Amino acid sequence: MCYLCHQALPSRQPTRRSFLASATGIAAGLAFAPNAFAKDTKPPPKPQNVISPDQALERLIKGNARYVDGVSRRHDFKHEREALAGGQNPYASILSCADSRIAPEYAFDSGRGDLFVCRVAGNFANDDTVASLEYSVAVLNSPLILVLGHESCGAVDATIKSLKDNTTLPGHLPSLVAALAPAVKAVADQPGDKLANATKRNVIDTIAKLKAATPILSAAVEKGKIKIVGGVYKLADGKVEMVG
Ligand SMILES: [Zn+2]
């Protein structure tokens, strides 16, 4: 008897054999898909994105070099959309500032389905961004996380001023200040440009926080499944300088 045909006839009384087949199928399903974090078993829509952490980093760096040189590739959005309708397997995850001048897909000359991007002013890691990155690693198999700060970051600058003047910013902005204050305070005694120092420190601290984020990201780093790196985007020429 065809098991699939039998399934299509719910009114039919199940035989012992089909019942056992169903039970085995459910058990097997549970073994592979115990919860909503189940991996997609379909072939990845972008096989070229199934690469190692080091290869992913190299690809980001090469993409940024093309962007800096003004020789970005032309992306076929129409066919990319169609190919990605059934899934995604990005080759890198980016935690970037929300600043309108920083567009990771442009900065790394990448197409749709290539980068899993989380953006928040000040590019810090909170529970929501950590959860998003966990999803990208555990479910989408992204092999690399890049924390991307940038020059002249308004969020970092506002935090420096708020702490210096001991003022409280309006609305929900104090939550950004609270998230960025540790990095600003950590470099308070360093020589040089306060904003540049704090921006770099924030990237370094965020990398450390993500590497220590149990249980998913920390285990993935330990097993060598992913790498977590950082960079600072230079506004004038678009170059991302690696940090860390
Ligand atoms: Zn910014």
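These figures come from a predicted structure and were not determined experimentally. Whatever order the structure lists them in is the order used to number ligands and atoms, beginning at 1.
If you count the protein N, O or S atoms nearer to the Zn ion (ligand 1) than 2.8 Å, you get 3.
Side chains of Leu210 and Val221 form no contact here, defined as non-hydrogen atoms less than 4.5 Å apart. Contact check for Pro104 versus Arg119: side-chain heavy atoms found under the 4.5 Å cut-off.
Under 4.0 Å is where a charged nitrogen must lie from a carboxylate oxygen, and between Lys209 and Asp205 no such pair does. Looking at Asp237 and Lys239, no side-chain N of the basic residue comes within less than 4.0 Å of a carboxylate O on the acidic one, giving no salt bridge.
For the salt bridge (charged side-chain N to carboxylate O under 4.0 Å, His left out) with Asp109, the lone residue among Arg66, Lys62, Arg59 that qualifies is Arg66.
Under a 3.5 Å cut-off, the side chain of Asn123 and the backbone N or O of Leu95 do not form any donor-acceptor pair.
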